[in-house]
Amino acid sequence: MSMTTNSSTSEILTAEIKPLRLCRNCDYPMTGEFCAACGQKDMDVRQSVFSFLKGLVRVIFEIDGRAYRTLFALLTRPGFLTQEYFAGRRVKYTHPLRMFLVISIIFFLTISVLTTMRSVRQAVAEAATNSTVEATENEVQPEGNARRIDQIASEEDFGDILTFFAELEFPFLSARINQNLQAAVTSQLRTNLQEVMADPRDFFIGSLENITLFQLLMMPILALIQQMLWVFSRRYFVEHLILVLHNQTFLVLMSLLAMILGVMGDAEIPLISSLADLLSFFGLLWILAYLYLSLKQTFMAHWAITLALFTTASIAYLLVLSIGMMAFAMMLVLFA
């Protein structure tokens, strides 16, 4: 009887044992979809091009419930994502830095598409208004002369800037190196100024790719200002930095929505245009309320104290951003 029981038990155990799967990356025994040691997912990488592109888009943009959940919370719940991040509930939301970069990419792609569409419409409109080739040639020459005159006048307006960099010297460099540096910087500055005067819009669009870098450089400074103002909250610098990152992402997203609403408002469709203008107005009010509420929800201070600190922080932000934008624009004009 016991021999029969033992035999049956061994047969059941043998039937239940499954082949042991090892992680292809670290050879650790796997019990689920992901490796418990290195975190690699157990999947077959040999797949069709369509499946590969589908997975790539899913990884980059996180097209699942996590992305939608994060965007909804970002737009409607000030400070909520920051609280969730430091409460340890991070997996069900998109990482703050990835969210900022993805929304920034979408923002710049939208600007590029809208700019291209506007240029095409202008080209079609100009072609339709020119009746004959002779009339077009007669109109182009005075315009070219006027542009050259305006360009000369604009260069004279920037004469102080050119003179400043032409006379700029560094005491720790030799006279010869200073002269070569002055010549190179002045030449590059004059070339870039001519490009700005010839087509300011094209220069601005070409510089937009650097805006994300500027924002990333400014975030630690803004977080430091925030930490100095809320010094009694005893929060770590990283907490202020994550809050600034979430708020900056919210501002980029709202700018994207405002740009789309602006296109709808310019469409001159009675109902849609009026609705777009109304939504743009309420969007501006929501931005101010959102930034205030994000500070209120994060630091849990009295509403009057939060309002006073929010006003002070806004003024400090504007001053720092203005200085930073001037320095950043000068770097673009010098080295773009």
Side-chain angles (χ1 to χ4, degrees), residues 53 56-82 84-85 90 93-118 200-226 238-264 279-280 283-284 286-288 290-291 294 314 317-318 320-333 335-336:
L53 294 177
L56 183 63
V57 171
R58 180 177 295 275
V59 169
I60 295 176
F61 295 101
E62 290 188 341
I63 304 177
D64 53 18
R66 175 167 48 179
Y68 305 136
R69 188 185 306 115
T70 305
L71 285 177
F72 180 78
L74 180 68
L75 282 173
T76 61
R77 305 185 67 177
F80 174 77
L81 290 177
T82 303
E84 291 288 282
Y85 184 86
R90 296 185 293 271
Y93 301 106
T94 305
H95 191 277
L97 184 58
R98 171 183 287 190
M99 180 171 55
F100 171 77
L101 294 176
V102 170
I103 292 178
S104 297
I105 291 173
I106 297 174
F107 176 73
F108 296 135
L109 288 176
T110 305
I111 289 179
S112 179
V113 171
L114 293 179
T115 302
T116 302
M117 293 174 59
R118 187 180 295 110
R201 178 182 297 174
D202 183 66
F203 185 85
F204 173 74
I205 296 299
S207 303
L208 282 176
E209 60 185 14
N210 300 306
I211 298 299
T212 299
L213 175 61
F214 171 73
Q215 288 181 290
L216 291 174
L217 292 176
M218 292 300 299
M219 283 182 193
I221 300 176
L222 300 180
L224 181 60
I225 293 174
Q226 186 172 283
V238 176
E239 296 181 71
H240 293 278
L241 184 61
I242 294 298
L243 178 60
V244 169
L245 181 56
H246 279 137
N247 285 346
Q248 290 292 315
T249 306
F250 168 77
L251 290 175
V252 175
L253 182 58
M254 290 299 295
S255 299
L256 174 62
L257 296 178
M259 185 167 51
I260 297 174
L261 290 174
V263 174
M264 296 172 59
L279 291 176
S280 298
L284 179 60
W286 177 235
I287 289 176
L288 297 175
Y290 184 98
L291 296 177
S294 68
S314 299
Y317 288 172
L318 290 176
V320 172
L321 287 175
S322 299
I323 297 173
M325 290 178 65
M326 290 175 60
F328 192 74
M330 185 60 66
M331 291 177 60
L332 288 179
V333 173
F335 305 109

Atom of L74, atom of F250 and distance for their closest heavy-atom approach: O-CD1, 3.6 Å
Do you know the tightest heavy-atom contact between P96 and H246? CG-NE2, 3.6 Å
Donor-acceptor contact present, side-chain T70 to main-chain T94, <3.5 Å: yes
Between W286 (side chain) and M254 (backbone), is there a donor-acceptor pair under 3.5 Å? no
I need the [X] [atom1] to [Y] [atom2] distance, nearest 0.5 Å.
X: L291; Y: S314; atom1: CG; atom2: OG; value: 7.0 Å
X: T82; Y: L245; atom1: OG1; atom2: CG; value: 8.5 Å
X: I221; Y: L224; atom1: CD1; atom2: CG; value: 8.5 Å
X: Y93; Y: R69; atom1: OH; atom2: CZ; value: 6.5 Å

Only counting residues at least two apart or in another chain, list the ones meeting side-chain hydrogen bond (donor to acceptor under 3.5 Å, both in side chains) with Y85. none
Partners meeting side-chain hydrogen bond (donor to acceptor under 3.5 Å, both in side chains) with S294 (sequence neighbours left out): N247
Is there a side-chain contact between L241 and L222 (heavy atoms, below 4.5 Å)? no
Would you call V102 and R98 a side-chain contact if the rule is heavy atoms closer than 4.5 Å? yes
Criterion side chain to side chain contact (heavy atoms under 4.5 Å, CB included) on V244 and Q248, from CA distance to verdict: CA-CA 6 Å; V244 169; Q248 290 292 315; 4.0 Å; yes
Could you list all the salt bridge (charged side-chain N to carboxylate O under 4.0 Å, His left out) pairs where at least one residue sits in residues 239-250, not counting sequence neighbours? R235-E239
N/O donor-acceptor pairs under 3.5 Å from side chains in residues 103-111, not counting sequence neighbours:
unit_1 : atom_1 : unit_2 : atom_2 : d
S104   : OG     : F100   : O      : 2.7
T110   : OG1    : I106   : O      : 2.7

Candidate pair V252 and Q215, rule side chain to side chain contact (heavy atoms under 4.5 Å, CB included), full reasoning: CA-CA 10 Å; V252 175; Q215 288 181 290; 3.6 Å; yes
Using the test side chain to side chain contact (heavy atoms under 4.5 Å, CB included), find all partners of L261 that sit at least two apart in sequence or belong to another chain. M264, A276, L279, S280
Residues two or more places apart in sequence or in another chain: which of them pass side chain to side chain contact (heavy atoms under 4.5 Å, CB included) with A73? F80, L81
